[in-house]
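Notes follow once the structure below has been shown.
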Amino acid sequence: MDDPRAYHLSMFDPDNPTRRWHDMGGDAAGPVPTDQHDFSMWEKRVDALMIIGAANGYFTVDGLRRVLEDMGEDAFEKMTYYERWIASVNRNLIEGGAYTTAQLAAKMAEVSARGDTYGDAAAPK
Amino acid sequence: MTQYVRVKPMMPPGHVRTPMYLRGKIGVIERSLGAFPNPEDLAYGNTAQALPLHRVRFTMAQVWGADAEAPNDTLDAEIYEHWLEPADAP
Amino acid sequence: MPHDHHDHDHLSPSGHPYRADDDTSLSYWQTMEIAVRELLVEKGVTTAAEIAAQIETMDARAPSNGAKVVARAWTDPVFHAALMENAGDATRNMGFDIGPLHLIAVENTDDVHNMIVCTLCSCYPRNLLGLPPDWYKSRAYRSRTVREPRSVLAEFGVTLPDTTKVRVHDSTADMRYIVIPARPQGTENMSQTELADLVTRDSMIGTGVAKTP
């Protein structure tokens with residue numbers, strides 16, 4: 001599994017191996033949704049982390065897209081846009097050597113112990 | 001001379017930027033954009049060769065056949081040169 | 001009531017609800033965001049100030065920037081020519097901080113209506129117009145626009161005569177696109193500032209037209 005492409009070969013729909021879920025141009029779909037929201041601070045921070053991670057050479061926008069694609073259609077349907085982005089940014093940063101999985105696990109445990117809301121957890125005392 | 005090109009009907013399983021709905025379709029080069037690093041390598045953190053990138057214009061009739069909403073409407077997409085081959089007028 | 005300053009019904013200045021944030025229970029993905037951010041700071045990759053500055057930079061990018069570009073293109077033939085030749089350079093030369101963005105301007109006329117989509121993800125000229133609207137990233141818009149653009153346009157309230165050709169642009173690679181909407185009738189004596197107020201975000205994506213005064 002040294003070559004990430006070997007792993008990638010498994011990331012298709014067994015029933016339709018040549019068509020990948022994100023490649024949706026031309027599909028039938030319902031009305032275009034009109035809901036709109038303003039971005040919250042945590043979403044803006046995810047956006048900033050993507051730009052900064054890429055600017056520091058840890059990954060490219062195509063690396064971001066690759067992981068988003070490999071996360072699969074279920075993630076597209078069930079997670080919000082920036083939830084998917086932080087998952088992809090994180091995985092690209094680990095692949096790029098910015099920190100280790102163990103360091104992430106320890107930090108996430110530390111963060112979630114700070115409080116029950118984003119406001120409390122994002123502001124270490 | 002209008003240069004017709006066909007999008008190669010390749011079906012690689014990895015990260016590519018050529019939409020499925022255009023594969024095998026014939027269009028014309030609307031303009032050439034210069035060379036850009038191959039996203040198929042960038043996606044995996046590999047060294048990427050810069051490849052010529054072209055804007056290709058298709059008619060909706062070419063893309064969707066008899067199902068086209070308006071046959072003479074057009075669709076433009078950026079396609080890397082390794083996905084294109086010369087073609088005769090459709 | 002420690003959280004009574006957070007009102008779920010409160011609308012932002014743009015009239016949209018804020019997405020739940022500080023006032024809801026901490027989610028797994030929010031935990032990950034905080035952890036990733038703090039790790040990058042601890043490792044010396046970035047600083048809290050740099051993250052804040054990046055957010056400020058993105059917040060400053062908004063449709064109003066594109067509207068100024070359009071209004072100038074409507075009134076300044078030399079700029080118009082430069083914009084159609086190389087929209088990235090023309091926009092940078094106008095003073096907008098769009099980074100290395102490769103931008104192409106496509107112009108609507110009586111004969112042609114341009115419309116932008118990204119079927120593979122959500123490519124958008126964010127360095128000029130800011131972050132894309134939610135619908136631009138939706139399955140419906142990404143799927144249908146390349147196949148039935150007129151039907152999608154009708155949902156946005158835009159109906160075109162059969163004699164107007166629709167050109168859909170799928171942002172598949174390194175270019176980003178801005179639509180220069182047609183200049184509305186009856187605007188001959190308006191200033192660039194007044195004209196810019198007529199240019200909506202959707203008119204620069206091609207799902208709308210410029211407002212009439």
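Throughout, a chain's letter reflects where its sequence line sits, starting with A, and its residues are numbered from 1.
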**Report entry** Expected output: side-chain C/Asp134 to main-chain A/His37 donor-acceptor under 3.5 Å
**Finding:**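 Yes; judged by distance alone, with no hydrogens or angles, the pair exists.
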Heavy-atom pair with the smallest gap, counting every atom of [X] and [Y]:
X	Y	result
C/Cys123	A/Arg65	SG-NH2, 3.2 Å
A/Gly115	C/Leu26	O-CD2, 4.0 Å
C/Ile55	A/Ala48	CG1-CB, 3.9 Å
A/Phe39	C/Pro132	CZ-O, 4.0 Å

Query - Test side chain to side chain contact (heavy atoms under 4.5 Å, CB included) applied to A/Tyr82 and C/Glu33, step by step - result: CA-CA 10 Å; A/Tyr82 281 108; C/Glu33 177 273 307; over 6 Å; no
Query - Pairing of A/Arg45 and C/Glu38 as salt bridge, 4.0 angstrom limit - result: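 Looking at C/Glu38 together with A/Arg45, the answer is no, because their closest N to O distance does not fall below 4.0 Å.
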Requested in this report: Inspect the contact between C/Arg147 and A/Asp27 and indicate whether a charged nitrogen and a carboxylate oxygen are less than 4.0 angstrom apart.
Outcome: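 No.
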Query raised in the report: Taking every heavy-atom pair that is under 4.5 Å apart, which of A/Val61, A/Leu68, A/Asn56 has the most such pairs with chain C?
Result: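 The option with the most such pairs is A/Asn56.
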Who wins among [options] for the most heavy-atom pairs under 4.5 Å with chain A?
options	result
C/Glu148, C/Arg142, C/Glu155	C/Arg142
C/Ser122, C/Ala140, C/Cys118	C/Ala140
C/Met58, C/Glu42, C/Arg126	C/Arg126
C/Val117, C/Leu131, C/Leu40, C/Thr46	C/Leu131
C/Gln54, C/Arg144, C/Glu50	C/Arg144
C/Leu120, C/Thr145, C/Val152	C/Leu120

Query - Atom pair CH2/CE of C/Trp29 and A/Met79 - distance to nearest 0.5 Å - result: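 It comes to 4.0 Å.
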**Report entry** Distance, nearest 0.5 Å, that separates CD1 of C/Ile34 from CD of A/Glu110
**Finding:**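 One gets 10.5 Å once the value is rounded to the nearest 0.5 Å.
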Query raised in the report: Which bit of A/Asp116 is near chain C, if near means a heavy-atom gap under 4.5 Å: side chain, backbone, both or neither?
Result: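 The answer is the backbone of A/Asp116.
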Query raised in the report: For A/Tyr99, is the NZ or CZ atom of C/Lys43 found under 6.0 angstrom from the centre of its six-membered ring and inside 45 degrees of the ring axis?
Result: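 Judged by the rule (NZ or CZ under 6.0 Å from the ring centre, within 45° of its axis), C/Lys43 is not positioned above A/Tyr99.
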Query raised in the report: Passes side chain to side chain contact (heavy atoms under 4.5 Å, CB included), C/Arg139 versus A/Glu73? Steps please.
Result: CA-CA 11 Å; C/Arg139 173 186 292 279; A/Glu73 192 159 20; 2.7 Å; yes
